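Data first, discussion second: the structure below is written as structure tokens.
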Amino acid sequence: MTKQPVLGTIIIGILVVLQSLWILAVSLGWNFVADISLTGVLIATLVALALLLVIIALLPRGSKKAEALRFSPVTEQLAVSGVRSRQQDVVADLRWLDPSSPITIPVSTTGVATIIVNSPGIEIRTDASNVDIGPNMDMTWVRKDGKKNVYVGPGSGEPIIIVDVTAPTIRVTSQADIS
């Protein structure tokens, strides 16, 4: 996939080609350019390029925010494979997952990882410095496992869903309306 050149790049390219043609015409001694000062044309072209660059730099650009990568596994096999993203935020919707035995779901991103769960038997393992657990989740920090903090939801016995999150910021909620 190639990126399309922006308008400023095209205009600057045209000006550079025109300046090169001007220098070629002067070096060949063509009559229509003999009366015009080469230094004046060079200075005018450089000033025009500088003004063009300033104008282009000040033009407003539309901001395109990358949409979060959605991960909604419906089978245990999909859940165990997890989700990984280098640049996008990740929204892992695990509300519909009902595993028959305890499973570990890896979630990895350099952005924000949002975990949506309803299960009381949930365990979140993370080394993130910014963890935001929704007030309706009733999850508590229980221990440190190596470098990872372990947060457990209400319920008795072993957790049925273990989410191993690698992200700088984590949000845990039961709400689907995440902005």
Side-chain angles (χ1 to χ4, degrees), residues 1-12 52-179:
M1 180 169 104
T2 60
K3 289 187 174 185
Q4 297 295 323
V6 294
L7 182 62
T9 306
I10 294 170
I11 294 172
I12 289 171
L52 181 65
L53 287 173
V54 169
I55 290 169
I56 291 171
L58 295 176
L59 286 177
R61 292 183 183 92
S63 63
K64 290 185 178 179
K65 186 177 180 204
E67 190 172 320
L69 179 63
R70 300 271 176 186
F71 175 66
S72 300
V74 291
T75 66
E76 292 180 37
Q77 291 80 17
L78 287 173
V80 170
S81 66
V83 62
R84 177 178 299 272
S85 174
R86 289 191 179 197
Q87 297 176 345
Q88 288 178 292
D89 292 348
V90 171
V91 176
D93 189 351
L94 308 175
R95 292 175 298 166
W96 318 118
L97 192 61
D98 188 20
S100 57
S101 61
I103 62 170
T104 300
I105 305 168
V107 175
S108 176
T109 181
T110 56
V112 177
T114 302
I115 312 298
I116 306 172
V117 289
N118 283 342
S119 171
I122 183 86
E123 179 178 298
I124 306 286
R125 300 168 150 267
T126 183
D127 56 357
S129 57
N130 186 8
V131 179
D132 177 22
I133 298 175
N136 59 340
M137 293 305 298
D138 195 27
M139 294 186 76
T140 56
W141 179 88
V142 290
R143 69 181 183 279
K144 203 93 161 129
D145 186 11
K147 290 185 177 183
K148 297 200 178 238
N149 288 308
V150 179
Y151 300 87
V152 177
S156 59
E158 291 292 313
I160 196 80
I161 298 175
I162 301 165
V163 186
D164 190 358
V165 185
T166 304
T169 302
I170 298 172
R171 290 187 295 205
V172 182
T173 183
S174 63
Q175 307 297 320
D177 55 342
I178 301 297
S179 55

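Please read these numbers as outputs of a predicted model, since none were measured by experiment.
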Problem set entry | Set of side chain to side chain donor-acceptor pair (under 3.5 Å) partners for Asp164, sequence neighbours left out |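 Side chain to side chain donor-acceptor pair (under 3.5 Å) list for Asp164, sorted by chain: Lys148.
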
Problem set entry | Heavy-atom closest pair, residues Pro106 and Ala79 |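 Reported closest heavy-atom pair: CD-O, 4.1 Å.
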
For this session: Work out which heavy atom in Ala128 is nearest to a heavy atom in Ala167; give both atom names and the distance.
Result: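 Shortest heavy-atom contact: CB-O, 3.0 Å.
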
Problem set entry | Lys147 NZ: over 12 foreign heavy atoms closer than 6.0 Å |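 No, because the 6.0 Å sphere around NZ of Lys147 holds 12 heavy atoms or fewer from other groups.
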
Any non-hydrogen side-chain atom of [X] less than 4.5 Å from a side-chain atom of [Y]?
X: Ile122; Y: Val163; value: yes
X: Tyr151; Y: Ile133; value: yes
X: Asn130; Y: Ile170; value: no
X: Ile105; Y: Ile161; value: yes
X: Val165; Y: Arg125; value: no
X: Thr114; Y: Val90; value: no
X: Ile124; Y: Ile115; value: yes

For this session: Would you give the length of the straight line joining atom CZ of Arg86 to atom OG of Ser108, rounded to the nearest 0.5 angstrom?
Result: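 So the CZ of Arg86 and the OG of Ser108 are separated by 9.5 Å.
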
Problem set entry | Qualifying residues under side-chain contact (heavy atoms from CB on, under 4.5 Å), relative to Ser72, sequence neighbours excluded |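 side-chain contact (heavy atoms from CB on, under 4.5 Å) check on Ser72 returns Asp93.
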
For this session: Kindly write out the residues that satisfy side-chain contact (heavy atoms from CB on, under 4.5 Å) with Val152, not counting sequence neighbours, or none if the list is empty.
Result: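 Testing Val152 for side-chain contact (heavy atoms from CB on, under 4.5 Å), a comparison that skips the adjacent residues, returns Glu123, Val142, Val150.
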
Exercise. Counting distance only, does the side-chain N/O of Thr110 pair as donor-acceptor with the main-chain N or O of Gln88 below 3.5 Å?
Worked result: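 Side chain of Thr110 to backbone of Gln88, a donor-acceptor pair under 3.5 Å: no, none is there.
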
